[in-house]
Amino acid sequence: MLNLRPRQLLLLSLLAAFATMALKTLAWYLTGSVGFLSDAIESLVNVAGAGFALIMVSIARRPADDSHPYGHSKAEYLSAAFEGGMIFLAALAIFITAGARLINPQPLASLGLGTALTVLASLINLGIALLLLRGGKQHNSPALEGDGKHLMTDVWTTAGVVAGVSLAAVSGQYWLDPLVAIAVALHILHEGGGILYRAVNGLMDKALPPQRINDIEQALAQFAGSKVQFSNLRTRAAATLQFAQVDMQVPPHWTVQQAHQLADDAELAIQQLGVELVVHIEPKTTD
């Protein structure tokens with residue numbers, strides 16, 4: 001299987017977004033369907049989202065500096081928030097267009113070719129979405145995950161649009177076409193809300209998952225004992241980076257060098273888990 005880096009995946013997503021937007025726009029032009037138009041508008045969001053995600057991932061990969069001592073990884077959450085916001089704007093545009101067509105339904109033309117183009121675009125999106133979701137899990141990247149989930153939503157949206165538009169053409173009930181478009185808008189609004197929620201959670205330094213915390217606690221237990229105790233473990237995620245802090249109580253008669261050596265060993269062990277740990281050393285009140 002392909003093993004692409006985040007920037008490569010997002011560049012591929014951007015190229016696919018341009019291709020699918022062109023195919024879906026042509027499908028709308030040939031058929032005059034606002035259902036297909038709603039699908040094309042969502043593809044425009046894909047272009048904007050993939051482009052912005054590519055920029056943010058590039059920023060997120062910059063190393064820590066004096067101005068950003070914890071790195072730039074949180075830039076990925078801005079990408080997810082931007083894409084969620086774009087989805088809301090796209091839904092608004094669909095509501096306005098579909099509302100006018102619902103009042104004045106119009107017959108559809110060249111449905112066969114338009115449907116074929118839309119299905120082709122959806123298959124492209126499906127392939128890219130699976131790659132992005134796999135890459136998001138592999139690299140722990142909210143930008144890849146957000147883009148992948150949005151594209152997967154687009155695939156299901158297109159399936160609904162094709163079914164609805166086909167039903168409108170076969171039955172002659174052309175009001176079904178704008179009704180499908182409105183359903184698409186409601187669906188992507190729900191998805192946009194989910195993307196925004198995850199982005200806000202990330203910016204608020206959400207704790208690591210319980211299983212991850214358990215892994216850290218088990219690793220620290222190897223250094224604990226009757227003389228040394230760890231307490232007050234705090235964790236947070238910053239997109240692809242993970243951080244933790246913990247208090248380590250040591251006997252008051254220990255030397256500074258002895259305590260720091262144990263703290264360094266604990267930090268190195270947790271680093272092997274992919275987590276940057278900071279140990280705060282405190283003397284025990286009783287030995």
Side-chain angles (χ1 to χ4, degrees), residues 1-31 35-62 72-73 75-91 93-94 113-162 184 187-188 191-192 195 198-199 239-240:
M1 295 181 69
L2 290 175
N3 188 19
L4 301 176
R5 295 190 297 273
R7 278 176 50 83
Q8 293 173 318
L9 285 167
L10 288 171
L11 182 58
L12 187 61
S13 175
L14 182 60
L15 294 175
F18 276 114
T20 55
M21 183 179 67
L23 289 170
K24 291 182 179 182
T25 302
L26 182 57
W28 162 67
Y29 176 78
L30 292 173
T31 63
F36 284 155
L37 175 60
S38 68
D39 217 12
I41 290 175
E42 190 176 3
S43 293
L44 178 61
V45 175
N46 294 346
V47 171
F52 193 75
L54 183 60
I55 295 172
M56 290 299 101
V57 164
S58 299
I59 294 175
R61 293 301 180 271
R62 293 177 182 173
H72 302 76
S73 60
E76 290 204 27
Y77 293 119
L78 297 178
S79 169
F82 175 81
E83 189 154 1
M86 288 293 296
I87 286 176
F88 276 93
L89 292 178
I94 294 170
L113 180 57
T115 301
L117 292 172
T118 301
V119 170
L120 175 60
S122 185
L123 290 175
I124 294 173
N125 277 339
L126 177 61
I128 299 299
L130 293 175
L131 284 175
L132 287 170
L133 290 173
R134 175 174 171 266
K137 184 176 181 181
Q138 178 183 352
H139 299 286
N140 196 29
S141 169
L144 293 180
E145 181 186 8
D147 204 22
K149 287 186 175 180
H150 182 202
L151 283 183
M152 191 59 75
T153 299
D154 197 5
V155 171
W156 289 110
T157 297
T158 300
V161 167
V162 169
V184 169
H187 181 57
I188 66 175
E191 181 65 19
I195 292 175
R198 289 189 290 273
T240 56

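Residue pairs meeting the side chain to side chain donor-acceptor pair (under 3.5 Å) criterion with at least one member in residues 116-129, sequence neighbours excluded: N125-D154. Pairs engaging residues 121-147 under the ring pair (Phe, Tyr, Trp, His ring centres under 6.0 Å) rule: none recorded [sequence neighbours left out]. Sorted by first and then second residue, the salt bridge (charged side-chain N to carboxylate O under 4.0 Å, His left out) pairs involving residues 43-58 (not counting sequence neighbours) form an empty list.
Heavy-atom contacts from other residues, nucleotides or ligands closer than 6.0 Å to CZ of F88 number more than 12.
For I55, the side chain to side chain contact (heavy atoms under 4.5 Å, CB included) criterion is met by I59, not counting sequence neighbours. For L15, the side chain to side chain contact (heavy atoms under 4.5 Å, CB included) criterion is met by no residue, not counting sequence neighbours. For L30, the side chain to side chain contact (heavy atoms under 4.5 Å, CB included) criterion is met by L26, S110, L113, L117, not counting sequence neighbours. Residues that satisfy the side-chain hydrogen bond (donor to acceptor under 3.5 Å, both in side chains) test with S13, not counting sequence neighbours, are D147. With sequence neighbours excluded, the residues forming a side-chain hydrogen bond (donor to acceptor under 3.5 Å, both in side chains) with R7 are S58, listed by chain and number. Legend: residues meeting side chain to side chain contact (heavy atoms under 4.5 Å, CB included) with L9, ordered by chain and number and at least two apart, are L4, L131, L132, L144.
Between L126 and M152, the closest side-chain pair of non-hydrogen atoms falls below 4.5 Å. A heavy-atom distance below 4.5 Å is found between the side chains of T115 and F36.
L133 and G148 make their closest contact through CD2-C, 3.8 Å (heavy atoms, listed as atom of the first residue, atom of the second, distance).
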